[in-house]
Amino acid sequence: MNLEQAREKLAKYGQEHVLSYYDELSEDKKKALLDQIDSLDLSVLTLCDHREQLAKKGEITPLAAMQLDEIEKHREEYEAIGTAAIKDGKIGAVLLAGGMGTRLGSDDPKGMYDIGITKPMYIFERLIHNLTEVVEKTGTYISLFVMTSDKNHDKTTAFFKANDYFGYDPSYVTFFKQEMAPAADYNGKIYMEDKDKMSTSPNGNGGWFLSMERSGVLDLIHKRGIEWLNVFAVDNVLQRIADPVFIGATLAKKCAVGSKVVKKAAPDEKVGVMCLEDGKPSIVEYYELTDDLMNAKDQKGDPAYNFGVILNYLFQVSGLEEIAKTSLPLHIVEKKIPYMDEQGNYIKPEEPNGYKFESLVLDMIHMMDNCLPFEVVREKEFAPIKNRTGKDSVESARELLKQNGVCL
Ligand code: UTP
């Protein structure tokens with residue numbers, strides 16, 4: 001892209017300030033800035049003008065979960081189906097590790113965080129350990145695809161290498177990068193990170209399949225005959241990955257997607273719950289849950305919206321390919337965005353100062369025809385690390401790991 005084209009693109013979105021320092025830059029930096037302007041989708045910035053329309057939901061009705069008692073009754077059957085699918089090489093795992101982990105406040109990728117007490121124990125290590133248990137049980141390596149972003153790719157790949165992939169066979173580990181999106185102030189103007197660089201952030205965890213497609217990883221998936229992908233977040237250290245029973249249940253019920261869920265701890269707990277929206281599977285966020293929905297009961301008299309998602313889904317690849325043809329809704333989220341001020345100082349704000357633009361994996365659920373919410377025991381499978389202390393923190397996860405017999 002040349003300077004004229006860049007000016008035109010920026011003017012279209014009211015972002016001419018991006019070139020304010022252009023004349024001062026070296027030739028290399030000029031080129032880098034023009035390339036960045038070329039590669040970023042600036043149309044997302046127009047969403048700032050109609051934020052309130054973005055959050056509209058359809059009609060919400062309950063979606064029954066497969067609960068623990070039912071799972072117990074069919075455990076052997078489901079486990080056999082899931083194990084066979086793993087042995088046939090039909091299952092892959094996708095670790096979503098492109099996030100910034102701002103709440104945890106570490107400069108390194110979240111997976112590099114050491115949660116050990118008497119010895120080092122990294123989040124990535126824990127996850128690989130959990131996956132390895134299934135590999136050992138089934139005698140089959142499971143392909144693991146790790147999504148990173150421009151911001152953490154090099155550190156993440158170097159960390160895996162330096163730690164010998166925590167004993168996993170490296171030929172089954174593939175890294176791919178997600179796309180970036182511009183970050184803007186409250187008036188929709190892109191922040192500058194430096195004179196030659198706009199502030200960007202990873203474009204949310206919903207972009208994972210498109211990024212897989214763009215980076216060529218999907219070809220590998222086809223080559224290996226993988227038909228299902230178990231997508232999971234980096235921060236749940238009790239996560240069961242490629243769980244044969246979960247896989248078997250989703251396959252047995254012929255669902256396009258399975259979603260691990262936990263029973264809500266309280267009616268007003270801050271988790272997204274599974275539901276139907278206009279007859280299709282969906283997730284209603286805690287802040288969208290009206291009193292009526294919160295108090296609604298199912299036939300057994302239990303709360304009708306009682307199962308929260310934990311970001312562990314099993315998607316059928318063919319279904320993903322279908323929805324990849326359409327675009328996901330974008331969410332505008334308020335975040336702390338580091339930027340360069342008018343004096344040229346680099347500022348790391350303490351409070352949110354603008355918007356990031358993200359697509360979310362949960363919106364992919366709504367594009368599927370049906371979904372199996374599959375209950376798991378919270379204390380055994382859900383120990384998310386979002387913060388250093390307090391709720392969903394390093395502290396709470398350590399407690400849960402100890403309860404599960406993990407020596408820290
Ligand atoms: P979170 O919503 O917790 O976001 O991500 P985060 O960026 O990790 O943390 P905060 O909000 O800044 O503190 C849930 C999962 O989605 C992944 C994260 O790595 C985590 O596994 N994610 C999130 C991505 O892979 N890419 C993104 O752009 C955002």
Side-chain angles (χ1 to χ4, degrees), residues 40-41 44 93-113 122-124 126-128 130-131 144-153 155-156 159 175-183 199-212 215 217 229-239 241 259-260 270-272 283 285-287 308-313 328 330-338 348-365 382-394 396-397:
L40 275 189
D41 175 7
V44 298
V94 183
L95 165 55
L96 301 175
M100 299 284 281
T102 45
R103 283 170 285 175
L104 188 59
S106 160
D107 285 334
D108 287 331
K110 202 186 245 187
M112 283 173 64
Y113 199 85
Y122 305 101
I123 293 180
F124 281 140
R126 227 21 262 164
L127 297 174
I128 296 292
N130 295 352
L131 181 58
L144 173 67
F145 304 97
V146 184
M147 183 166 85
T148 60
S149 84
D150 271 351
K151 304 260 178 192
N152 67 14
H153 184 83
K155 274 190 179 173
T156 303
F159 190 69
F175 297 91
F176 66 101
K177 277 199 224 175
Q178 70 175 105
E179 262 66 41
M180 304 298 280
S199 292
T200 56
S201 70
N203 65 349
N205 58 28
W208 65 276
F209 190 70
L210 269 188
S211 301
M212 268 187 150
S215 57
V217 174
L229 290 170
N230 183 195
V231 187
F232 62 99
V234 71
D235 42 37
N236 177 8
V237 284
L238 275 182
Q239 187 118 239
I241 307 153
S259 164
K260 286 204 166 184
K270 290 184 174 172
V271 290
I283 286 139
E285 287 294 351
Y286 66 91
Y287 49 81
V309 289
I310 59 170
L311 220 176
N312 187 315
Y313 303 109
L328 285 172
L330 270 180
H331 297 257
I332 301 187
V333 259
E334 266 191 85
K335 293 263 180 170
K336 299 177 210 165
I337 302 160
K348 259 183 140 179
E350 298 285 324
E351 295 300 325
N353 60 333
Y355 299 132
K356 290 185 177 179
F357 303 86
E358 298 188 340
S359 61
L360 302 178
V361 66
L362 54 84
D363 285 318
M364 298 169 94
I365 302 291
F382 192 42
I385 298 179
K386 300 286 183 194
N387 308 295
R388 283 227 171 146
T389 56
K391 193 176 164 0
D392 296 344
S393 65
V394 178
S396 60

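In this text, all values refer to a predicted model and were calculated from it rather than measured experimentally. Counting convention: from 1, in listed order, for ligands and their atoms alike.
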N or O contact, Gly101 vs ligand 1, cut-off under 3.5 Å: yes

Distance-only N or O hit between ligand 1 and Val234, under 3.5 Å: yes

Proximal atoms of ligand 1 relative to Gln178 (non-hydrogen, under 4.0 Å): 24 (C), 25 (O), 26 (N), 27 (C), 28 (O)

Salt bridge (charged side-chain N to carboxylate O under 4.0 Å, His left out) against Glu358, all qualifying residues, sequence neighbours excluded: none

Protein contact to atom 20 (C) of ligand 1 [nearest heavy atom, distance to 0.1 Å]: Leu96 O, 3.7 Å

Heavy-atom pair with the smallest gap, counting every atom of Ser199 and Ile337: CB-CG2, 4.1 Å

Per-atom contacts, ligand 1 versus Gly204 - under 4.0 Å to a heavy atom: 26 (N), 27 (C), 28 (O), 29 (C)

Side chain to side chain contact (heavy atoms under 4.5 Å, CB included) partner of Met180, chosen from Asp150, Asp41, Asn203: Asp150

Per-atom contacts, ligand 1 versus Lys335 - under 4.0 Å to a heavy atom: 10 (P), 11 (O), 12 (O)

Lys151 and Asp107 ion-paired at < 4.0 Å: no

Polar proximity ligand 1 side, Glu358 side, N/O cut 3.5 Å exclusive: no

Donor-acceptor side-chain pairing of Ser149 and Gln178 below 3.5 angstrom: no

Met147 N/O under 3.5 Å from ligand 1 N/O: no

Distance from atom 5 (O) of ligand 1 to nearest protein heavy atom, with residue and atom: Lys386 NZ, 4.2 Å

